[in-house]
Colleague: 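I have a structure here, written as structure tokens, and I will follow up with some questions on it.
Ligands are counted one by one from 1 in listed order, and the atoms in each one are counted from 1 as well.
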Amino acid sequence: MHNSSQTDPPPTAAGTAQGFAHAKAILFGEHAVVYGSPAVAVPLHGLGVQADIRRSPAQETRIESQLFSGTAQTAPEPMGPVVAGLRAALSAVDDPDAEVELLIRSAIPHSRGLGSSAAVATAVARAVANLEATVFAEETLHEIVQAAEAVAHGRPSGIDAWAVAKPAPIRFQTGCAETIDVGERLVFVLADSGHHGSTAEAVGGVRARRDADPSRIGATISRLAELTDAAVDDIRSGDRVTIGSRMLEAHGLLGGLGVSNPTLDALVDAATAAGAHGAKLTGGGLGGCVLALADDDEAAEELAEALRAAGAPRTWTTEVRPT
Ligand code: MEV
């Protein structure tokens, strides 16, 4: 699996160019971030997507992916973000009407809160830039990916678009992303609940709850913001125990926003019973994944086993390296 970087390899002799991006997990602040609060995301380097692109010999654009293979014109609705991202990227290189052949190979499960749509758009945009022997500036890449994300999720905060493009953990707030220094290595286990979660539906549900009860939901969002900023300090100092306890509190608060469910709660309970410092749902919720913080690699193995025994169809272990 490739790690994403700002500099993708040059086009091959056959005229095919590639782009890569990785998945992300939100460690703190999902949903609250939609209302201007900070959030923290970590890169998942072991889970990635590769896009291969070349100019089409025919007068049409073709896309090949796990979800759909055929012409861009006949692509079904779920492919809308890919087509939007591709067109935005081609416009950004002043070639909006170019016809291309695009092959997308992704190991990132979709609708699991792992930033699959943003990662695909990022890989596609990097491949387009690479085809033109250029590299998009960070802001340009971000705008392209946000165009795709708007089709995927409505009005995304923008954290996913940054998180899948940055190689290190970030603190994101109101459009700005900054890299966080990491004091100690952190080992996380990610457990798939086995159920899709729609980010758009989850965000819509929180909005409806906030409209109905602004003071309660406002207080929850404020507390999530406090936890996020306190956790940034813990990440810097490498305090796993405190990060873990804040994760558990955040999971409870997200439950109060209506985005958890019994399957996610059971995985969080299983993680704590198996010795995790903490665990919480990650991303939009209503399905998707639980992220658990292990003490070390050995503990992570036991944790992953316990999470699978508790019903997770698959788990991934990922590390955040000290800087
Ligand atoms: C999705 O990864 C994170 C949410 O906060 C939505 C967003 O930020 O746009 C749920």
Side-chain angles (χ1 to χ4, degrees), residues 21-44 47 49 81 84-85 106 108-122 142-166 169-178 188 190-193 195-210 217-218 220-225 227-229 231 247 250-251 253-261 264 280-291 316 318:
H22 55 72
K24 61 83 195 162
I26 296 188
L27 184 51
F28 286 99
E30 53 272 268
H31 289 291
V33 69
V34 171
Y35 302 96
S37 295
V40 169
V42 297
L44 302 175
L47 269 181
V49 51
S106 180
I108 310 172
H110 67 90
S111 308
R112 294 296 207 274
L114 303 182
S116 154
S117 56
V120 168
T122 300
H142 183 73
E143 275 166 31
I144 293 166
V145 178
Q146 278 294 84
E149 285 289 273
V151 176
H153 304 307
R155 273 192 306 168
S157 66
I159 187 169
D160 286 17
W162 279 122
V164 300
K166 296 262 194 191
I170 56 165
R171 178 192 183 276
F172 170 91
Q173 188 169 22
T174 53
C176 297
E178 54 175 334
F188 292 99
L190 196 62
D192 186 358
S193 71
H195 301 286
H196 290 172
S198 156
T199 300
E201 191 186 325
V203 169
V206 173
R207 193 170 296 281
R209 276 189 160 76
R210 184 169 169 264
I217 300 299
T220 301
I221 289 171
S222 299
R223 180 63 190 146
L224 284 167
L227 284 175
T228 301
D229 271 336
M247 288 172 78
H251 181 75
L253 292 168
L254 289 163
L257 294 181
V259 296
S260 190
N261 63 27
L264 294 168
K280 60 180 277 294
L281 69 84
T282 180
L286 296 180
C289 293
V290 158
L291 187 66
W316 302 269
T318 189

Colleague: What atoms of ligand 1 come within less than 4.0 Å of a heavy atom belonging to Ile26?
Modeller: 2 (O), 3 (C)
Colleague: Only one of Leu257, Ile221, Ile217 clears side-chain contact (heavy atoms from CB on, under 4.5 Å) with His31; which?
Modeller: Leu257
Colleague: State the atoms of ligand 1, each with its element, that fall below the 4.0 Å cut-off from a heavy-atom position in Asp160.
Modeller: 1 (C), 2 (O)
Colleague: Any atoms of ligand 1 less than 4.0 Å from a non-hydrogen atom of Val34? List them with their elements.
Modeller: 5 (O), 6 (C), 7 (C), 8 (O)
Colleague: Under 3.5 Å, is there a donor-acceptor pair between the side chain of Glu178 and the main chain of Arg171?
Modeller: no
Colleague: Taking only heavy atoms of Gly284 into account, list the atoms of ligand 1 that are under 4.0 Å away from them.
Modeller: 10 (C)
Colleague: Are Leu254 and Ser260 packed together at the side-chain level, in the sense that at least one heavy-atom pair is separated by less than 4.5 angstrom?
Modeller: no
Colleague: Can any side-chain N or O of Lys280 pair as donor or acceptor with the backbone N or O of Leu291 at less than 3.5 Å?
Modeller: no
Colleague: Give the atom numbers and elements of ligand 1 that come within less than 4.0 Å of a heavy atom of Val33.
Modeller: 5 (O), 8 (O)
Colleague: Can you figure out which of His31, Lys24, Glu30 has its heavy atom closest to atom 2 (O) of ligand 1?
Modeller: Lys24
Colleague: Out of all atoms in ligand 1, which are within 4.0 Å of some heavy atom of Ser157? Include the element for each.
Modeller: 7 (C), 8 (O), 9 (O)
Colleague: Between the main-chain N or O of Ile26 and the side-chain N or O of Thr282, is there a donor-acceptor pair closer than 3.5 Å?
Modeller: yes
Colleague: Report, in ascending order of atom number, the atoms of ligand 1 lying under 4.0 Å from any heavy atom of Pro156.
Modeller: 9 (O)
Colleague: Any idea how Trp162 and His142 line up, ring-wise: parallel (<30°), tilted (30 to 60°), or perpendicular (>60°)?
Modeller: parallel
Colleague: Identify, by atom number and element, the atoms of ligand 1 in contact range of Ile159, meaning under 4.0 Å from any of its heavy atoms.
Modeller: 8 (O)
Colleague: Which atom pair, heavy atoms only, marks the closest approach of Trp316 to Cys289?
Modeller: CZ3-SG, 4.2 Å
